[in-house]
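Any value given below was found using the heavy atoms of this structure, including those in side chains, with hydrogens, waters and symmetry copies removed.
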Amino acid sequence: MRNRTRGAIGAALVGALAIAAAASGGEARFTASYTWRMDDPAFGGFSGIELSEDGRRFTAISDRARIVTGTLERQDGRIVAVHAGPIVPLMDENGQRQSHAKGDSEGLAIDGTGRIFVSYEGVSRVWAYDTPERAMPLPRADAFKRLQNNSSLEALAVDAKGRLYTLPERSGELTRPFPVWRYDDGGWTQPFEIPRRGGFLAVGADIGPDGRFYLLEREFTGVGFRSRVRRFDMAEDALSGETTLFESHLLRHDNLEGIAVWRDEAGAIRLTMISDDNFNFFQRTQLVEYIVPESLASSPDRP
């Protein structure tokens, strides 16, 4: 989400820099955080990330209709360097640069063929890309047209069958569940919904190698950010088995908005998340990783 109160956020965050951050609770274990820097005026604002199956190659998008790919260098499983290519624009359906109002790209998903899908706020929609040079618009659901301004299609995921799933940052009311829409056979349906819990808003999603739905949520308290990941079992018409994998304390991480779920060489499921620095000097572009301990026992490569 593009931040429209940067001055207030800046004052609050700068005034809170001395606050100590405690470890997060839940079932996932924090492993490491890496601050990524790059000498490019287009760098920042990252709202979506996807990783290859081995966690080495990445694709990320910013909320200014830009995309970058590269590799993650690891030592003992932890990210120690990012090697990225140029940050290039995501063009519209005519191969032209997108306007500021229409180019608020938020969610990212890549299917098994390598096709890229991006969800947008502003004009709520999902576009497909074989290359960043030209978009292929998907049909817009009528429900997309009624979503709140600057709070619409933040999260995007794709399943093993190539079906897309998206949901808005806000549902419209604190007690109203987040609707989840699925794109299949040329149209959108709403097979299920996700209950809202507290002040967290939906900002990222992925479907893990275990076939489960992972939802990244973010809460801004006025002082800083808190993050949460919930996991759900998926059926054709329902989500079940809601589990909170972690819920971070205030200022534990920056503004995490994108999530990629993958299985490492040890057989554990990892959550790799990226933060949106809102192009502010006092925020950071972080790559944050958690491991889900229970996934070790359930890995097909383990007894």
_Proximity of F58 and W36 rings by center, below 6.0 Å_ = yes
*Side chains of L90 and I61: does their closest heavy-atom pair fall under 4.5 Å?*
yes
*Is there a donor-acceptor pair under 3.5 Å between the side chain of S119 and the backbone N or O of G107?*
yes
*Going hydrophobic residue to hydrophobic residue with side-chain gaps under 4.5 angstrom, can you get from L164 over to V118?*
no
_Please say yes or no: joined through hydrophobic side-chain contacts below 4.5 Å, possibly via intermediate residues, are V126 and V203 part of one cluster?_
no
*Side-chain heavy atoms under 4.5 angstrom apart, residues restricted to Ile, Leu, Val, Met, Phe, Trp, Tyr: same cluster for F213 and L271?*
no
*With a 3.5 Å cut-off and no angle check, do the side chains of N278 and Q283 form a donor-acceptor pair?*
yes
*Donor-acceptor pair, S275 side chain versus R284 backbone, under 3.5 Å?*
yes
*Is any side-chain heavy atom of L239 closer than 4.5 Å to a side-chain heavy atom of I194?*
yes
*asked:* Looking at E289 and R74, is any side-chain nitrogen of the basic one under 4.0 Å from a carboxylate oxygen of the acidic one?
replied: yes
*Looking at I110, D130, V158, which hits side chain to side chain contact (heavy atoms under 4.5 Å, CB included) with R115?*
D130
*Looking at CZ of R125 and CG of L147, how far apart are the two atoms once the value is rounded to the nearest 0.5 Å?*
13.0 Å
*Between the side chain of S47 and the main-chain N/O of E106, is any donor-acceptor distance below 3.5 Å?*
yes
*asked:* Has E73 got a side-chain atom pairing as donor or acceptor with V80's backbone, closer than 3.5 angstrom?
replied: no
*State the CG-OG distance between D104 and S124, to the nearest 0.5 angstrom.*
9.5 Å
*Roughly how far, to the nearest 0.5 Å, is the CD atom of E50 from the CZ atom of R57?*
12.5 Å
*Taking the side chain as every heavy atom from C-beta outward, state whether L287 and I49 have any atom pair closer than 4.5 Å.*
yes
_Applying a strict under-4.5 Å side-chain criterion to I, L, V, M, F, W and Y, I'd like to know whether F232 and Y165 cluster together._
yes
*Check whether any side-chain N or O of T166 sits under 3.5 Å from a backbone N or O of R182 as a donor-acceptor pair, and report yes or no.*
no
_Electrostatic pair E93-R134, nearest N-O below 4.0 angstrom_ = no
*So, the side chain of N255 versus the backbone of D276: is there a donor-acceptor pair under 3.5 Å, distance only?*
yes
*asked:* Measuring only between side-chain heavy atoms, which start at C-beta, is M38 closer than 4.5 Å to I87?
replied: yes
*Please check if the side chain of Y129 supplies one atom and the backbone of M91 the other of a donor-acceptor pair under 3.5 Å.*
yes
*Does R212 come within less than 4.0 Å of D233, counting only side-chain N to carboxylate O?*
yes
*Are R218 and E169 ion-paired here, with the side-chain N under 4.0 Å from a carboxylate O?*
yes
*Give a yes or no on this: more than 12 heavy atoms of other residues, nucleotides or ligands lie within 6.0 Å of atom CZ of R78.*
no
*Residue pair D54 / W262, side-chain heavy-atom distance below 4.5 Å*: no
*Do S171 and R176 meet the criterion of a side-chain donor-acceptor pair at a distance under 3.5 Å?*
no
*Can you tell me if CG on D76 sees more than 12 non-hydrogen neighbours from other groups inside 6.0 Å?*
no
_D159/R163 ion pair, N-O < 4.0 Å_ = yes
*Going from CG on L245 to CG on L216, what distance comes out if it is rounded to the nearest 0.5 angstrom?*
11.0 Å
*Would you verify whether the NZ or CZ of R228 falls within 45 degrees of the ring axis of F200 while also being under 6.0 Å from that six-membered ring's centre?*
yes
*Transitively linked via ILVMFWY side-chain contacts under 4.5 Å: M234 with L215?*
yes
*asked:* Determine whether a donor-acceptor pair (N or O, by modelled atom type, separation under 3.5 Å) exists between the side chain of S248 and the backbone of S227.
replied: yes
*Is the cationic atom of R252 (NZ for Lys, CZ for Arg) positioned less than 6.0 Å from the six-membered ring centroid of F246 and within 45 degrees of its normal?*
no
*Once the angle between the rings of F225 and F220 is folded into 0 to 90°, is it parallel (under 30°), tilted (30 to 60°) or perpendicular (over 60°)?*
tilted
*State yes or no: are the ring centers of W127 and Y120 separated by less than 6.0 Å?*
yes
_Less than 3.5 Å apart, any donor N or O on the side chain of Q286 or H253 sitting next to an acceptor on the other?_
no
*Looking only at side chains, do T189 and W181 share a donor and an acceptor under 3.5 Å apart?*
no
*Would you check if the side chain of E121 reaches a backbone N or O of S151 as a donor-acceptor pair within less than 3.5 Å?*
yes
*Taking D277 for its side chain and F279 for its backbone only, find out whether a donor-acceptor pair lies under 3.5 Å.*
yes
*Nearest-0.5 Å distance, CD of residue E257 to CG of residue L201*: 10.5 Å
